[in-house]
Each structure stands twice: as C-alpha cells, then as structure tokens.
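Below: the structure, in structure tokens.
First the proteins, then the strands, lettered A, B, ... as listed; each starts at 1.
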Amino acid sequence: MALANSLIVLDFETTGISPDMGDRAIEIGAVKIENGVLTDRFQRLMNPGRRISPFIESYTGITNAMLKSAPGNAEVMAEFCEFIGDSNLLAHNAAFDKRFLDAELSKIKRRYPGNFACSLLVARRVFQSAENHKLGTLINHCNISCDGNFHRALFDAEMTAKLWLSILSTVEREYGLSNISFNEIQKLAKTPKKSIGKFLSSLAATER
DNA sequence: TGCCAGGCCCTCTTTAGGGCCTT
C-alpha cells in the first residue's frame, strides 16, 4: 500500500522520560505537512490517571488542575490515530516520541503504517556548525520566527515542522536538489557526517 | 515510596566510556 504524500510532525509532553518505567503521555501536539505547507493541526491534553510531578508542571506549564478535566489517554490516542491516517511521521529526537507513541497505541491495540523520521539526526548532518542541536537552538540557527512557549506539544510540533522545511530548503539550495524524497532524507539521517556532501551531490547528479 | 531510558555519535574507540537529546 502506498503511503499518503503527507507528513505528520508530532510532539509529546509526558510524565517523564521512560514509558518502560511507567511514564505516560499528558499532551500530544501535531501538524500535517502537505506539499511543503502546514495544512492541519492537532492538540489534546490527556489525563494519565495520576498526578504529575512539580518538575513536569514547571517544565511544561501543564498543571494537575488542567489534566483533571482532560479526557483519558485511550480516548485521545484513538482520535490521534485517525489524525495520523497513513502519513509518515516526524519528531525531534524521534526515538523519544516513537517510544511513547508505540506504548500508548499498544495499550489501545492500535498501530500506524507510516515510517518515522528524526529531525535531530538530519539536523546534526545538515547544520553541523550549530552550537548544539536542541530544537530551540536550531530554530534560532535557521532564523525561524518564534512566538510561543517551548515545551508545549503543539508549539514544539510547529517549530519542528518549520525546522524540517528549513532543512529541506537548505539541502535543495546548497546541493541543487529540487525535490528530495522522504526515503532519501531517511538515508541522509543514517549517512556518516563526513560523507554528507558526497551523498547529497550523488543525489543531485542522479536527480530525475 | 523512590527509583528510573535509550539510541546516536564521538574518540584519548572497536575488549569502552561519556555527552547529547527528548520529558
């Protein structure tokens, strides 16, 4: 089955860093990119069934009072599954968000058909001179306008989406690639840093 | 109650260790 020509950029806020140790999602934010344009948005708080720590309240700005009236994780994740459809997926440090997505969907016996890309791995290769590769640093590095609160799911997803478009435009501008594919970007994310120039030049040389 | 991860990537590497990144 061919996947849709769309990309879902997502970000979780969670009770901690390890779903294997019982941590749960408390917010999901996502945007849909179609043909280089943000065409849809999704944001929901979800009640994990227990109180969150003062650290997480401070880190995210999401409070126990806000979560008290939120729907449960199962209801929200089922709705999010419909939003994903058959799109491919993207997150900044995707290993983290993928673990939580897989854990939450496993609890409701749902799956997604798309592949997961990581803007962190790609940015480390394309923006090697950046001070570091945290999302906020890369947004500044790319001169992307930024008016909102980091560590809220929808805002981080929107910033990741804009970073992704900046990565694509940088690659296309510097290497003369007019339409790099999702699969080619996935290969780029696995290419050794020192070979990035050679890899992209080879793509440009063989471009349709 | 209190505790906690894991994949990537560099190098003083590969028979390993530690920083980065996410909440």
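Separating the C1' atom of B/dC4 from that of B/dT22 is a span of 15 Å, rounded to the nearest Å. Comparing the P positions of B/dG7 and B/dG2 gives a spacing of 29 Å, expressed to the nearest Å. A distance of about 27 Å separates the P atoms of B/dT15 and B/dC21, rounded to the whole Å. To the nearest whole angstrom, the two P atoms, one in B/dC12 and one in B/dC8, are 22 Å apart. Nucleotides B/dG6 and B/dT23, compared at atom C1', are 14 Å apart to the nearest Å. B/dT13 and B/dG19: their P atoms are spaced 16 Å apart (whole Å).
The residue A/Phe55 sits close to a base: some heavy atom pair falls under 4.0 Å. Residue contacts shown for A/Leu135 are limited to sugar-phosphate atoms, with no base heavy atom under 4.0 Å away. Using a 4.0 Å heavy-atom distance criterion, A/Arg125 is classed as a sugar-phosphate-only contact. Nucleic acid contact for A/Asp97: none, since no nucleic acid atom lies under 4.0 Å from a heavy atom of the residue. No contact: A/Thr15 has no heavy atom under 4.0 Å from any strand. At a threshold of 4.0 angstrom between heavy atoms, the contacts of A/Leu120 are confined to the sugar-phosphate backbone, with no base atom among them. Backbone-only contact: A/Asn132 has heavy atoms under 4.0 Å from sugar-phosphate atoms and none from a base.
Checked for salt-bridge contact, A/Arg24 and A/Glu104 meet the test: a charged N lies under 4.0 Å from a carboxylate O. A salt bridge links A/Arg41 with A/Glu158: the closest approach of a Lys/Arg side-chain nitrogen to an acidic carboxylate oxygen falls below 4.0 angstrom.
Side-chain contact check for A/Glu57 and A/Asn64: at least one donor-acceptor pair (N or O, by modelled atom type) lies under 3.5 Å.
Atom CG of A/Asp20 is separated from atom C1' of B/dT23 by 14 Å (rounded to the nearest Å). The distance from atom CG of A/Leu154 to atom P of B/dT23 is 14 Å, rounded to the nearest whole Å. Rounding to whole angstrom units, CZ of residue A/Phe127 and P of B/dC21 are separated by 15 Å. Atom CD in A/Glu57 sits roughly 17 Å away from atom P in B/dT23 (whole-Å rounding). The CD-C1' distance, from A/Gln128 to B/dC10, rounds to 12 Å in whole Å. Look at CZ on A/Arg99: it is 11 Å from P on B/dC8, rounded to the nearest Å. Regarding A/Phe96, its CZ atom lies at a distance of 13 Å from the P atom of B/dG6, rounded to whole Å. In this entry the distance linking CZ of A/Phe116 with P of B/dT22 reads 15 Å, nearest Å.
Considering only the side chain of A/Lys193, B/dC10 comes nearest among B/dT23, B/dG6, B/dC10. Distances were taken from every side-chain heavy atom of A/Asp156 (C-beta onward) to each of B/dC21, B/dC3, B/dT23; the shortest belongs to B/dT23. Of the candidates B/dC8, B/dC21, B/dT23, B/dC21 carries the atom nearest the A/His133 side chain, counting heavy atoms from C-beta on. When distances run from any side-chain atom of A/Leu121 to the nucleotides B/dA5, B/dT23, B/dC9, the shortest one goes to B/dC9.
Stacking of A/Arg173 on the aromatic ring of A/Tyr175 is not recorded, the 6.0 Å distance cut-off and the 45° axial limit not both being met.
Taking only side-chain nitrogens and oxygens, A/His151 comes nearer than 4.0 Å to OP1 or OP2 of B/dT23.
In this structure, A/Phe80 and A/Phe42 have tilted ring planes: the angle between them lies in the 30° to 60° band. The aromatic rings of A/Phe150 and A/Phe155 lie perpendicular to each other, with more than 60° between the two planes, well past the 30° mark.
Sequence order on DNA chain B of the closest nucleotides to A/Thr14 and A/Lys190 puts A/Lys190 first from the 5' end. Ranked by how close their nearest DNA chain B nucleotide is to the 5' end, A/Thr191 and A/Ile26 are led by A/Thr191.
The closest donor-acceptor contact from the side chain of A/Glu27 to the backbone of A/Ala153 lies under 3.5 Å.
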